[in-house]
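What follows is a single structure, written as structure tokens, with notes after it.
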Amino acid sequence: MSEQVDMLVVGGGINGAGIARDAAGRGLKVLLVEQDDLASHTSRWSSKLIHGGLRYLEYYEFRLVREALIEREVLLRAAPHIVRPLTFVLPHVPEMRPAWLIRLGLFLYDHLGGREILPGSKAVDLAAPGPYGAPLKPWVKRGFTYSDCWVEDSRLVVLNAMDAAERGAEILTRTRCERARRKDGTWTAELVDAAGRRRQVRARALVNAAGPWVQRFLEGGLGMRSKKRVRLVKGSHIVVPKLYDGDHPYILQNDDRRIVFAIPFEGRFTLIGTTDVPYEGDPAAVAISPEETDYLCRVVNRYFRREIEPRDVVWAYAGVRPLYDDASGNVSAVTRDYVFDVEGGDGRAPLLSIFGGKITTYRKLAEHALDKLRPHLGFGKGPWTATAPLPGGDMPGANLAAFTAQMLRAHAFVPEPLLCRWVRTYGTRLERLIGGARRLEDLGADLGGGLLEAEVDYLVAHEWARTADDILWRRTRLGLHVGEDTVARLQAKLEERPVPAQAAGRP
């Protein structure tokens, strides 16, 4: 006999994890399935920004920008360990956008979202001595600064899944929903895991949060069609050795009217992106092209004294954005807003499919998804996530600096750089990682780059990590700092360690 749940969520990216968390917190019995690891695709390959989308004002996306601006501060409070404020520098290029237009856009940006925490924008003299103008070429004379936020994107997904699990949801990674059909007022779904084991589940509602695969799952997995269409757009990034000193990122205007970010990354690097290229291939096989690398290098070289070439790239990545197809002829103008397709009712189990969206507004998307499903599922509890911290974010006053100082005093035996990384990665959950250790040796061997065995054990037990890639590239960014010897030692440790039973599904 198949198990029954209230909601089956297909897709373990930020939208699926956010909806699972919200639904579980409202008392629904939730099952989330992801065919790969959490945050394996679009949610992992972002520019890693929680931002209002300054350029969206040019396309009159005022509702989206306002919602995103509000969410910046909601997420700053909810996850101060993985979300941090940044001061962006916008060099002014008069032939692209006049100064008055930029000032107007920044005025709206400062006031649309009811800003309380982040500083407002201001004009700056980039020709004067100072950190903002020092890295730039002499032709750049003036500019503006404004505030947005950085986020560890794949960790944001994992934290939402953790919170969902701790509120009763079951999270199954490396498990595919092969097919689902309506039967007797519910969905009957066939699930298969990486080992080929099958499981049947019945659900009162089904959420299609498959991202780039939303259309494919609709047609292949559900045997249905939708009038709404997804438009796949590739966005690529490159990482180069650090271009300049300071924590401030730059937003660079290009002559095609696109913008490119240059963002300090992992201490030793600068992250540069993104591109906007139509994409029609397999979303899992997406890769940056030589033309995109050249494009990003050209934009940077126009502004920065230190020029770069493709051979300077130490890492590159590309992701597919599953945007809602609004029939725009310009790829950059395609809306970043989200659109739902809700089908069902009158005795037919509901299906909610998600087209589009951006990582900044995932929490509001989840609230709106639950609003759409409330008439079908009949739950009573209303929205709750706006004031609830994510796992590790429950530090007093959301004050990361004060919490870091407290942890340095409490765990003085841990080297300061390592403990600071753990604070920025795990927040208050680092106490679970350290456990009863009183000496560094109690935390096990260093597999390389400060990756101790205790951290690996924590990630396997609590965050669904199963492979070296899960740990080095999605749970942390240590993959940029360690060599193949660390990868081999880590993989060997994972193979000798018993994997927690999937039945738990709730680390």
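Nothing fancy with the numbering, it's 1 onward along the sequence.
- Residues passing the side chain to side chain contact (heavy atoms under 4.5 Å, CB included) test with Arg115, sequence neighbours excluded: Arg72, Glu73, Asp110, Leu118.
- Contact check for Val140 versus Tyr132: no side-chain heavy atoms found under the 4.5 Å cut-off.
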> Given Glu463 and Arg429, is the salt bridge (Lys or Arg N to Asp or Glu O under 4.0 Å) satisfied, shown in steps?
Replying inline: CA-CA 11 Å; Glu463 295 195 9; Arg429 296 298 173 99; over 6 Å; no
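- Nearest heavy-atom pair, Asn160 versus Ile14, reported as atom, atom and distance to 0.1 Å: ND2-CD1, 4.0 Å.
- Taking all atoms of both residues into account, the shortest heavy-atom contact from Pro91 to Leu126 is CA-CD1, 4.0 Å.
- Judged as a salt bridge (Lys or Arg N to Asp or Glu O under 4.0 Å), and not counting sequence neighbours, the contacts of Lys234 are Glu292.
- Under a 3.5 Å cut-off, the side chain of Ser147 and the backbone N or O of Gly120 do not form any donor-acceptor pair.
- For residues 288-308, every residue pair satisfying the ring pair (Phe, Tyr, Trp, His ring centres under 6.0 Å) rule, not counting sequence neighbours, is listed here: Trp139-Tyr303, Tyr244-Phe304, Tyr250-Phe304.
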In a table with atom names and distances, give each donor-acceptor pair under 3.5 Å that connects a side chain of residues 391-398 to protein atoms at least two apart or in another chain.
| unit_1 | atom_1 | unit_2 | atom_2 | d |
| --- | --- | --- | --- | --- |
| Asp394 | OD1 | Thr428 | OG1 | 2.5 |

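- Exactly one of Trp150, Tyr109, Tyr146 qualifies for a ring-ring contact (aromatic ring centres under 6.0 Å, His included) with Phe88. That residue is Tyr146.
- Between the NE2 atom of His51 and the CD1 atom of Ile359 there is a distance of 9.5 Å, given to the nearest 0.5 Å.
- Side-chain contact between Tyr338 and Asn15 is absent, with no heavy atoms from C-beta onward closer than 4.5 Å.
- Between the side chains of Thr270 and Arg306, no donor N or O sits under 3.5 Å from an acceptor N or O.
- Ser47 and His237 share a donor-acceptor pair across their side chains, judged by distance under 3.5 Å alone.
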Would you give me the side-chain donor-acceptor pairs under 3.5 Å for residues 308-320, sequence neighbours excluded?
| unit_1 | atom_1 | unit_2 | atom_2 | d |
| --- | --- | --- | --- | --- |
| Glu309 | OE1 | Arg311 | NE | 3.3 |
| Asp312 | OD2 | Glu309 | N | 2.7 |
| Tyr317 | OH | Ser46 | O | 2.7 |

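- Residues Trp213 and His41 bring their aromatic ring centres within 6.0 Å.
- Taking every heavy atom of both residues into account, Asp163 and Pro389 meet most closely at OD2-O, 4.4 Å.
- Residues passing the side chain to side chain contact (heavy atoms under 4.5 Å, CB included) test with Lys141, sequence neighbours excluded: Ala127.
- Scored by the salt bridge (Lys or Arg N to Asp or Glu O under 4.0 Å) test, Glu58 finds Arg97, Arg257 as partners (sequence neighbours excluded).
- Residue Leu232 comes nearest to Pro283 through the heavy atom pair CD1-CG, 4.3 Å, listed as atom of the first residue, atom of the second, then distance.
- Leu451 has its side chain out of reach of Thr476: every pair of non-hydrogen atoms, C-beta onward, lies at least 4.5 Å apart.
- Note: Ile434 CD1 to Glu455 CD = 10.5 Å, rounded to the nearest 0.5 Å.
- Arg44 meets the salt bridge (Lys or Arg N to Asp or Glu O under 4.0 Å) test with no other residue; sequence neighbours excluded.
- Ser43 places no side-chain N or O within 3.5 Å of a backbone atom of Ala39 that could act as its donor or acceptor partner.
- Residues Trp384 and Asp22 bring a donor and an acceptor atom of their side chains to less than 3.5 Å of each other.
- Rounding to the nearest 0.5 Å gives a distance of 9.0 Å between CD of Glu95 and CD of Gln253.
- At a threshold of 4.0 Å, the pair Lys358-Glu71 does not count as salt-bridged, since none of the basic side-chain nitrogens sits closer than that to a carboxylate oxygen.
- Here Leu32 contributes atom CG and Met7 contributes atom CE; the two are 10.5 Å apart, rounded to the nearest 0.5 Å.
- The residue from Asp276, Thr275, Thr274 that alone fulfils the side chain to side chain donor-acceptor pair (under 3.5 Å) condition with Arg258 is Asp276.
- Taken to the nearest 0.5 Å, the CG atom of Leu38 stands 12.0 Å off from the CG atom of Leu156.
- Atom CZ of Phe107 sits in a sparse spot, with 12 or fewer heavy atoms from other residues, nucleotides or ligands closer than 6.0 Å.
- Shortest non-hydrogen contact noted between Arg321 and Gly235 is NH2-CA, 3.5 Å.
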>> Set out, in order, the CA-CA distance, both residues' side-chain angles and the distance that settles side chain to side chain contact (heavy atoms under 4.5 Å, CB included) for His411 and Leu430, then state yes or no.
In response: CA-CA 11 Å; His411 305 293; Leu430 73 83; 4.2 Å; yes
I'd like a table of donor-acceptor pairs (distance under 3.5 Å, sequence neighbours excluded) in which one partner is a side-chain atom from residues 399-409, with atom names and distances.
| unit_1 | atom_1 | unit_2 | atom_2 | d |
| --- | --- | --- | --- | --- |
| Asn399 | OD1 | Ala401 | N | 3.2 |
| Asn399 | OD1 | Ala402 | N | 2.9 |
| Thr404 | OG1 | Leu400 | O | 2.8 |

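- The CG atom of Leu243 sits 12.0 Å away from the CD1 atom of Ile263 when rounded to the nearest 0.5 Å.
- Residues meeting the side chain to side chain contact (heavy atoms under 4.5 Å, CB included) test with Thr467, sequence neighbours left out: Arg174, Asp469, Asp470, Arg474, Gln491.
- Residue Glu152 is tested with Lys48, Arg475, Arg477 for a salt bridge (Lys or Arg N to Asp or Glu O under 4.0 Å); the sole match is Arg477.
- A donor-acceptor pair under 3.5 Å is absent between the side-chain atoms of Lys228 and the main chain of Tyr324, judged by distance alone.
- In terms of the salt bridge (Lys or Arg N to Asp or Glu O under 4.0 Å) criterion, Glu34 has no residue partners (sequence neighbours excluded).
- The heavy-atom pair separating Leu64 from Tyr56 by the smallest distance is CD2-CD1, 4.0 Å.
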>> salt bridge (Lys or Arg N to Asp or Glu O under 4.0 Å), that's the test. Do Arg84 and Asp247 meet it? Break it down for me.
In response: CA-CA 11 Å; Arg84 67 176 185 268; Asp247 296 328; over 6 Å; no
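- Panel note: side chain Asn208, backbone Val214; a donor-acceptor pair is recorded below 3.5 Å.
- Each salt bridge (charged side-chain N to carboxylate O under 4.0 Å, His left out) pair with one or both residues in residues 116-138, not counting sequence neighbours, appears once here: Arg77-Glu116, Lys137-Glu307.
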